[in-house]
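Written below as structure tokens is the structure these notes are about.
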There are 2 protein chains.
Amino acid sequence: MHAFPKSSVTVDLIVFTITDNSLKVLLIKRGIEPFKNMWALPGGFVLEDESLEDAAKRELVEETGVKDIYLEQLYTFGEPGRDPRGRVITVAYFALINSQIQKIRASTDVSEAQWYSVNKIPKLAFDHKKILDYGLQRLRWKLEYTTVGFQLLPKTFTLSQLQNIYEIILHKQLDKRNFRKKLLSLDIVEESGEFTEGVSHRPAMLYKFKKRIGEIIEIL
Amino acid sequence: MHAFPKSSVTVDLIVFTITDNSLKVLLIKRGIEPFKNMWALPGGFVLEDESLEDAAKRELVEETGVKDIYLEQLYTFGEPGRDPRGRVITVAYFALINSQIQKIRASTDVSEAQWYSVNKIPKLAFDHKKILDYGLQRLRWKLEYTTVGFQLLPKTFTLSQLQNIYEIILHKQLDKRNFRKKLLSLDIVEESGEFTEGVSHRPAMLYKFKKRIGEIIEIL
DNA sequence: GCATCTTTGTGTATAAAGAACAATAAATAT
DNA sequence: ATATTTATTGTTCTTTATACACAAAGATGC
């Protein structure tokens with residue numbers, strides 16, 4: 001058996017959240033070469049005895065401090081020449097975190113980390129623009145056909161908040177009555193019994209997702 | 001910058017076709033260690049200056065002699081320990097080839113190649129069973145929501161042949177009238193003008209797919 | 001305390017899509 | 001000519017999707 005070429009393998013993360021009525025993605029400013037001082041998706045090398053998913057989870061904790069959130073493998077990018085350091089293959093993951101936990105901490109090799117609205121993305125390092133576009137496409141797709149949307153909300157939420165997430169990500173208006181009718185017919189949410197407080201208008205019922213965290217099901 | 005661990009990267013192929021009213025997958029009998037003489041998915045190492053997709057295409061030509069067929073990246077498997085030779089990450093692709101071109105040639109490192117019905121799969125090397133299951137799931141899914149099914153047919157085909165493919169893969173019976181009504185309403189096939197010949201019953205209209213080879217669209 | 005503001009919550013009528021179902025037509029074989 | 005096999009075509013019913021408007025609940029300002 002000949003010696004086969006070896007490559008470095010990285011994971012890159014597309015971390016989405018929603019704040020200020022806008023879909024945001026987490027970017028880091030690179031602290032080292034190549035592409036030093038340029039914005040990029042968070043990520044890093046896969047270690048010796050670590051599965052790809054574990055590497056993604058580790059990077060996620062390092063960048064955001066959060067764990068136990070929704071994470072799914074997206075696609076693997078491996079064009080020769082995509083990284084000036086040599087042959088580097090990257091496995092992209094996408095993650096959704098809810099709007100409550102968003103503390104960001106800059107880690108080693110990172111001079112800054114920031115949430116960027118998806119329609120105001122700066123020029124990105126490597127082929128990260130392509131990766132991000134792919135992730136956005138997947139997010140829109142899954143939002144329509146699965147229950148991933150719930151991953152962007154805290155444990156209890158109002159139906160208006162949920163509808164809002166759909167409207168932001170799909171950027172189109174939805175009919176309130178039809179949205180609620182459809183959702184309730186799926187039998188995947190239940191009333192929590194609590195209401196929103198401290199709002200200067202009629203309080204809304206808080207609902208909760210019937211499935212466990214991280215679980216998503218098809219068709220919505 | 002420290003030295004980051006390097007891995008070997010392979011591509012594995014799940015090549016589907018339909019023959020004898022059954023969904024088949026191409027397996028090779030390994031001619032070398034590890035897992036010598038065991039059945040496995042065709043695949044091989046990604047070369048130095050080759051993209052992942054090029055590697056998959058190259059392997060496909062080596063194993064089947066066919067090119068220009070439908071090929072899509074499936075998933076990347078990278079558990080440490082999945083390959084006894086060391087850290088090997090594999091990018092799985094799935095391919096569909098139509099029932100006319102199925103010459104198989106055993107290549108180097110392969111003592112035999114054979115089409116296996118998906119419900120009579122022998123014990124497979126590595127984690128190839130898991131990869132195959134994943135591929136099957138994806139195939140069933142895409143069949144229902146896209147036009148991949150056409151990739152399994154020759155240029156012209158009868159509507160019954162097409163329906164048959166759906167019935168085999170989804171293993172359930174479909175209503176002929178509803179199937180045709182739905183299909184024709186999508187406006188993606190057109191009559192070729194030709195009819196089947198040499199059959200001892202009413203000849204059927206041969207249709208052709210309006211899109212180009214390799215192109216698939218959503219929703220069916 | 002009453003009017004105003006803002007967001008919540010609900011029902012019905014119509015259109016479109018999906019599911020169930022059977023008889024005639026065109027060719028070959030005997 | 002009769003039998004056999006597969007191809008082709010429409011209608012009814014059920015389910016799902018869409019379009020659309022007004023009253024209720026609480027906070028705020030006067």
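Labels below follow one simple rule: chain letters A, B, ... track the order of the sequence lines, proteins then strands, and each chain is numbered from 1. Only this structure's heavy atoms are used, side chains among them; waters, hydrogens and symmetry mates stay out.
- For residues 157-185 of chain B, no pair satisfies salt bridge (Lys or Arg N to Asp or Glu O under 4.0 Å), with sequence neighbours left out.
- One atom, CZ of A:F195, and another, C1' of D:dA25, lie 10 Å apart when rounded to the nearest Å.
- In this structure, A:L184 atom CG and C:dT10 atom C1' are separated by 11 Å, rounded to whole Å.
- A:E194 has its CD atom 17 Å from the C1' atom of C:dT8, to the nearest Å.
- A:Y134 is linked by a ring pair (Phe, Tyr, Trp, His ring centres under 6.0 Å) to A:Y75, counting only residues two or more places apart in sequence or in another chain.
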Run the numbers on A:T90 and A:T10 for side chain to side chain donor-acceptor pair (under 3.5 Å), then give the verdict. CA-CA 5 Å; A:T90 194; A:T10 60; 2.8 Å; yes
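- Rounded to whole Å, the distance from NZ on A:K176 to C1' on C:dT6 is 10 Å.
- The salt bridge (Lys or Arg N to Asp or Glu O under 4.0 Å) pairs that include a residue from residues 188-197 of chain B number zero, where partners must be two or more places apart or lie in different chains.
- Electrostatic pairing of A:D133 and A:K129 counts as a salt bridge here, judged by a charged N lying under 4.0 Å from a carboxylate O.
- Residues passing the ring pair (Phe, Tyr, Trp, His ring centres under 6.0 Å) test with A:F150 are A:F157, A:F209, sequence neighbours excluded.
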Heteroatom pairs (N/O) under 3.5 angstrom, protein to nucleotides 26-30 of chain D:
from   : atom 1 : to     : atom 2 : distance (Å)
D:dG26 : N2     : A:S200 : O      : 3.2

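- In this structure B:Q137 satisfies the side-chain hydrogen bond (donor to acceptor under 3.5 Å, both in side chains) test with no other residue, sequence neighbours excluded.
- In the helix from C:dG1-D:dC30 to C:dT30-D:dA1, the rotation axis of the first five pairs and that of the last five pairs differ in direction by 0°, rounded to 10 degrees.
- In this structure, B:M205 atom CE and C:dA26 atom C1' are separated by 13 Å, rounded to whole Å.
- For the pair A:R180 CZ and C:dT7 P, the interatomic distance rounds to 14 Å; values are reported in whole Å.
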Show your working on side chain to side chain contact (heavy atoms under 4.5 Å, CB included) between A:F94 and A:L71 and close with a plain yes or no. CA-CA 6 Å; A:F94 95 80; A:L71 186 71; over 6 Å; no
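- Contacts between residues 160-171 of chain A and DNA chain D, defined by a heavy-atom separation below 4.0 Å, involve no residue at all.
- With rounding to whole Å, A:Q173 atom CD is found 16 Å from D:dT18 atom C1'.
- Between A:E144 and A:R140, no side-chain nitrogen of the basic residue sits less than 4.0 Å from a carboxylate oxygen of the acidic one, so the salt-bridge criterion is not met.
- Atom CG of B:L183 is separated from atom P of D:dT8 by 12 Å (rounded to the nearest Å).
- At least one side-chain heavy atom of B:L41 sits less than 4.5 Å from a side-chain heavy atom of B:I14.
- The ring pair (Phe, Tyr, Trp, His ring centres under 6.0 Å) test applied to B:F195 returns no partner, not counting sequence neighbours.
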Table please: side-chain donor-acceptor pairs of residues 21-28 of chain A below 3.5 Å, with sequence neighbours left out.
from  : atom 1 : to     : atom 2 : distance (Å)
A:S22 : OG     : A:S117 : OG     : 3.1
A:K24 : NZ     : A:T19  : O      : 3.2
A:K24 : NZ     : A:T19  : OG1    : 2.9

Annotated protein contacts, base or backbone, on nucleotides 13-21 of chain C with a non-hydrogen cut-off under 4.0 Å, one of B, S, - each: -----SBBB
In residues 212-220 of chain A, what donor-acceptor pairs under 3.5 Å come from side-chain atoms, sequence neighbours left out?
from   : atom 1 : to     : atom 2 : distance (Å)
A:R212 : NH1    : A:E215 : OE1    : 3.4
A:E215 : OE1    : A:R212 : N      : 3.3

